[in-house]
Amino acid sequence: MEIASKYNPAEVEKKWYQYWMEYQLFHSEPDDREPFTIVIPPPNVTGVLHMGHMLNNTIQDVLVRRARMQGKNACWVPGTDHASIATEAKVVERLASRGIKKSDLTREEFLEHAWEWTREHGGIILEQLKKLGASCDWERTAFTMDDLRSESVLKVFCDLHEKGLIYRGVRMVNWDPQALTALSDEEVIHKEVNAKLYYLKYMVEGDPNGAYALVATTRPETIMGDTAMCIHPDDPKNAHLKGKRVIIPLVNRAIPVIEDEYVDIEFGTGCLKVTPAHDVNDYLLGEKHNLPSIDIFNDDGTLNEHGIHYKGMDRFETRKQIEKDLEEAGLIERIEPYVHKVGFSERTDAVIEPKLSMQWFLKMEQLAKPATEAVENDTIRFHPEKYKNMYRHWMENIKDWCISRQLWWGHRIPAYFLPEGGYVVAMTPEEALEKARAKVDYPLTIDDLKQDEDVLDTWFSSWLWPISVFDGINRPNNEEINYYYPTNDLVTAPEIIFFWVARMIMSGYEYRGEPCFRNVYFTGIVRDKLGRKMSKSLGNSPDPIELMNQYGADGVRMGMLLTSPAGNDLPFDELMCEQGRNFNNKIWNAFRLIEGWEVDETIPQPETAAIAVEWFQNKLFETIAEVDDLFSKYRLSEALMALYKFFWDDFSAWYLEIVKPDYQQPIDAQTYKATLHFFDALTRLLHPFMPFITEELWQALYPREKGESIMTAPQPEAGATDSGLLADFEVLKEVVSGVRAIRTEKNIPNREELELHVTGGHNDRFNSVIAKMCRLSNITTVSEKQSSAAGFFVGTTEYSVPLEEKIDVDAELEKLHAELAYTEGFLQSVLKKLSNERFVQNAKPEIVENERKKQADAESKIARLKEGIAALTLLEE
RNA sequence: GGGCGUUUAGCUCAGCUGGUUCAGAGCACCUGCCUUACAAGCAGGGGGUCGGCGGUUCAAAUCCGUCAACGCCCACCA
């Protein structure tokens with residue numbers, strides 16, 4: 001059968017994914033094997049696959065596939081996240097394009113549109129993951145807003161409320177005027193902005209001389225909300241303002257001057273305008289000094305009735321306008337350029353407005369405690385470890401979590417307000433009614449209760465993910481949660497360490513009393529060649545599907561993994577995918593070679609093949625041990641690289657070249673069998689990284705049963721190795737390279753047979769192999785190198801190829817002189833060490849012994865080099 | 001303003017508790033080859049005073065100090 005010389009992944013990948021699905025090889029049920037569980041970081045339900053997902057999910061798949069092949073009951077649970085703000089924003093956008101405003105719709109109507117959107121776009125990303133080869137248990141696909149997960153969320157809310165950990169309160173929150181919702185601190189991104197610092201004149205009330213206070217502010221549009229001016233009690237330059245009242249420019253309202261040490265005397269003029277409704281610090285000052293609070297903004301960032309004649313204008317327009325007006329009124333002394341940090345909404349990129357509002361909060365201190373310890377004492381390990389510090393720091397300074405969002409798309413807060421004040425928290429309206437009736441002494445019907453309009457933060461559902469996907473909140477003792485939980489590994493981005501990882505750990509301890517996972521593998525950011533983060537808006541990200549079409553899923557998977565140690569950014573280069581594809585092709589062609597061999601049962605195994613088989617068996621064990629070790633440290637790219645070199649160099653370039661029979665000659669059965677066995681092991685070792693091609697070839701290697709798959713074939717295990725044999729073989733490689741170098745240098749064709757002379761110690765057990773690989777007629781030991789031979793050293797042994805007239809004496813001499821100079825220099829450095837008494841006294845004996853050996857070796861080598869030079873010189877004359 | 005991390009070949013990275021000719025790997029690059037598994041390949045090769053300075057030590061890429069550059073996280077200075 002003729003097999004194409006180039007591997008074509010498209011068909012193969014499709015075929016085997018279907019096969020895996022057909023035989024339910026991804027599906028897991030609890031049994032008596034050891035479980036291995038990974039829950040997917042649920043992507044946005046309406047999202048599409050990007051390079052970050054590719055990296056993240058490739059890693060998860062490698063871990064899961066390997067665990068499965070190690071005999072564990074592997075379960076990778078897929079799912080999606082409802083992504084409250086992001087999805088709602090998209091739905092609002094779509095409605096707007098159809099000329100519909102969200103405010104024109106009822107909550108129910110809006111949600112119908114949102115579900116429609118979800119049905120249209122939902123799950124696309126999961127289909128794309130299949131193309132990547134992801135071995136998720138698709139029967140378990142969950143959604144953070146499906147029935148079970150929703151029920152879990154409400155249950156947890158009720159429970160935490162019951163425990164007194166959830167409270168409601170008016171606080172300064174981060175308000176997103178575009179999304180019209182509060183955000184948690186984590187959803188605010190601070191960016192440096194070029195702004196202006198305005199110096200405003202606040203006239204002192206009733207001062208006949210027109211004295212004024214100068215206030216520096218970046219937000220002149222908030223002066224309508226000023227309720228005090230603050231100075232430092234010890235500030236001499238502003239002492240004259242103590243006890244006075246000043247008049248807000250344009251507004252013409254008098255406010256008191258208060259004193260507080262919070263004010264920095266050095267900043268600006270030392271006068272601070274206090275706007276408790278629109279600045280966090282001012283709010284605290286206001287509380288401390290009992291100041292009134294005037295909120296001047298509407299929810300959308302326009303000015304409300306307190307905004308005098310600016311009412312209805314946008315906050316930034318107002319700033320421009322007020323600057324003009326102040327200028328005209330002569331109330332601005334100067335304006336300086338000023339760079340400072342401003343908070344932006346993570347989702348909408350709108351400038352955050354600190355705003356006082358009624359929100360729901362979760363107390364974190366108690367929840368954080370076991371979660372902090374778990375990472376500190378390595379019950380949960382972070383890879384790389386450096387994130388431990390970051391985590392600890394955040395956990396130790398944790399603040400209460402604002403969990404309410406003023407959105408419709410999400411889990412509606414199960415709090416029900418009573419007609420005469422107060423509220424109850426309950427799973428259902430009916431239950432709420434019952435609770436409410438118990439609480440008040442007036443008659444109530446279900447219609448009297450008004451459910452809170454807000455929904456919960458998206459993370460309030462995803463923090464339960466490792467538990468809720470096994471329904472462990474609703475049925476805490478079910479078989480599945482007991483079996484699969486704690487999960488094993490989590491693979492995610494460091495960006496969401498606080499949003500998600502930390503909170504999952506907390507909920508894990510709160511609801512299971514156990515860690516939710518054992519290892520967290522943090523991936524880096526996928527960047528383009530210029531070091532920019534790949535993003536849709538920049539348009540610098542390749543389309544993952546296109547990439548897979550071009551290089552094959554296996555090729556892309558390999559490309560992603562080759563250069564990305566945990567926690568490091570991945571500077572993505574298609575060249576890496578090309579390397580992955582080339583490797584696929586290499587594997588493919590190795591298989592073609594083996595497949596093409598004709599086996600002859602009657603011929604004996606050649607000595608060369610016997611040696612190769614023995615050596616490769618050892619090398620295989622050694623590599624398996626190395627790969628096992630790397631996996632235990634989560635050094636995936638190094639494990640892949642080790643296998644890459646093992647296949648390419650050791651297997652293809654050495655093993656196959658040695659055992660390969662001459663053209664059109666059959667191979668002996670023994671070697672053939674061993675080779676198939678090795679190839680089988682290689683495909684299994686590589687399978688977690690490149691699932692498709694390995695399945696294709698593994699299936700073709702031997703007759704397989706229907707439904708049988710490499711996916712469930714055991715991962716090869718390491719065995720004892722003969723280190724002497726391995727070391728000797730390395731010498732062999734060097735000798736072969738040496739002879740090849742001479743061929744290249746002297747332009748000697750491969751067909752031409754050569755002789756090899758050996759001067760010095762040489763183990764001849766591999767001579768037959770050397771002869772085959774170098775096409776030598778014989779290998780003989782000589783006491784002295786022939787003058788007309790080209791030579792090289794391996795260790796202290798000199799190898800040489802007699803060349804007669806072909807030798808270029810001058811060039812050869814030059815080489816020998818260079819080698820001599822180097823060796824003499826080396827000897828000098830060794831002698832220097834050895835003549836240093838302190839070295840001989842203090843260094844460990846084996847180190848000193850080693851230096852002595854180096855000395856002896858160098859000396860013998862120098863002697864041999866000198867002989868060679870002398871002989872050649874003679875020849876020249 | 002605090003804290004953490006990184007700095008080794010053109011690129012991406014290994015080099016554990018200091019000591020085998022220790023300066024490595026992959027890719028890229030250069031040279032020569034269409035040698036019947038593979039030109040998506042084969043053979044050979046060049047390339048780094050291990051960020052700077054100082055210290056400890058018989059011995060430093062490795063330990064200590066310091067400076068610099070870059071990156072990340074946290075933070076309420078108007």
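Here is how names work: the chains are called A, B, and so on, in the same order as the sequence lines, proteins then strands, and each is numbered from 1.
- When the C1' atom is used for both B:C22 and B:U49, the distance is 15 Å, rounded to whole Å.
- If you take atom C1' in B:G19 and the same atom in B:G32, they sit 41 Å apart, rounded to whole Å.
- Contact annotation for A:Lys273: no contact, since no heavy-atom pair falls under 4.0 Å across all strands.
- Between the CD1 atom of A:Ile525 and the P atom of B:C73 there is a distance of 7 Å, rounded to whole Å.
- Nucleotides B:U8 and B:G26 place their C1' atoms 15 Å apart, quoted to the nearest Å.
- In this structure, the nucleotide among B:G44, B:A78, B:G26 sitting nearest to the side chain of A:Thr744 is B:G44.
- As rounded to whole Å, 6 Å separates atom C1' of B:C73 from atom CZ of A:Phe498.
- By the 6.0 Å and 45° rule, A:Arg581 does not stack over the aromatic ring of A:Tyr551.
- Looking at heavy-atom distances under 4.0 Å, A:Glu657 makes contact with a base.
- Under 4.0 Å is where a charged nitrogen must lie from a carboxylate oxygen, and between A:Arg592 and A:Glu595 no such pair does.
- The base of B:C38 sits with one of its N or O atoms less than 3.5 Å from a complementary donor or acceptor on the side chain of A:Lys586.
- Residue side chain A:Arg740 does not reach the base of B:A43 through any donor-acceptor N/O pair under 3.5 Å, judged by distance alone.
- Secondary structure note: stems in RNA chain B built from 3 or more consecutive Watson-Crick or G-U wobble pairs under 3.5 Å occupy B:1-7 with B:68-74, B:10-13 with B:24-27, B:29-33 with B:41-45, B:51-55 with B:63-67.
- Remark: A:Glu336 engages A:Arg334 in a salt bridge, criterion side-chain N to carboxylate O under 4.0 Å.
- Residue A:Tyr644 has a polar side-chain atom (N or O) positioned under 4.0 Å from OP1 or OP2 of B:C27.
- Residue A:Arg743 is classed as having no contact, given no heavy-atom separation below 4.0 Å to the nucleic acid.
- Comparing B:U31 with B:A68, their P atoms sit 44 Å apart, to the nearest whole Å.
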Check step by step if ring pair (Phe, Tyr, Trp, His ring centres under 6.0 Å) holds for A:Tyr391 and A:Tyr387. CA-CA 6 Å; A:Tyr391 177 84; A:Tyr387 290 111; over 10 Å; no

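- Cation-pi check for A:Lys388 over A:Phe382 is not met; the charged atom does not lie both under 6.0 angstrom from the ring centroid and within 45 degrees of its normal.
- Counting non-hydrogen atoms under 4.0 angstrom, A:Trp597 reaches nothing in the nucleic acid.
- A:Gln841 has its CD atom 10 Å from the P atom of B:C58, to the nearest Å.
- Rounded to an integer number of Å, the gap from A:Ile594 CD1 to B:A37 P is 12 Å.
- Ion pairing between A:Arg503 and A:Glu186 holds under the 4.0 Å rule for side-chain N and carboxylate O.
- A:Asp264 comes within 4.0 angstrom of a base, heavy atoms only.
- Contacts of A:Val263 with the nucleic acid, taken as non-hydrogen atoms under 4.0 Å apart, include base atoms.
- Taking the nucleotide of RNA chain B with the nearest heavy atom to each of A:Arg838 and A:Ser737, the more 5' of the two is matched to A:Ser737.
- Rounding to whole angstrom units, CG of residue A:Asp629 and C1' of B:A14 are separated by 13 Å.
- The nearest whole Å value for the distance from the CG atom in A:Asn842 to the P atom in B:C58 is 6 Å.
- In the set B:U12, B:G26, B:C38, B:U12 carries the atom at the smallest distance from any side-chain atom of A:Thr563.
- Among the heavy atoms of the strands lying under 4.0 Å from A:Tyr262 is at least one base atom, whether or not backbone atoms are also near.
- Here A:Lys645 does not pair with A:Asp650 in a salt bridge; the nearest charged N to carboxylate O distance is not below 4.0 Å.
- A:Glu798 has no carboxylate O lying under 4.0 Å from a charged side-chain N of A:Lys861, or vice versa, which leaves the two without a salt bridge.
- Distance CD/A:Glu598 to CD1/A:Ile667: 11.0 Å, rounded to 0.5 Å.
- Rounded to a whole angstrom, the distance from the P atom of B:G2 to that of B:C67 is 13 Å.
- Here, B:G45 and B:C27 have their P atoms 15 Å apart, quoted to the whole Å.
- Between A:Arg219 and A:Glu221 there is a salt bridge, since at least one side-chain N of the basic residue sits less than 4.0 Å from a carboxylate O of the acidic one.
- Residue A:Glu638 is classed as a sugar-phosphate contact, given heavy-atom separations below 4.0 Å to backbone atoms only.
- Among the nucleotides B:A78, B:G19, B:G26, the one closest to any side-chain atom of A:Met641 is B:G26.
- The residue A:Asn568 sits close only to the backbone: its heavy atoms come under 4.0 Å of sugar-phosphate atoms, none of a base.
- A distance of about 24 Å separates the C1' atoms of B:U7 and B:C29, rounded to the whole Å.
- A:Tyr338 comes within 4.0 angstrom of the backbone, heavy atoms only, and of no base.
- Distance check on atom P: B:G71 versus B:A60 gives 33 Å, rounded to whole Å.
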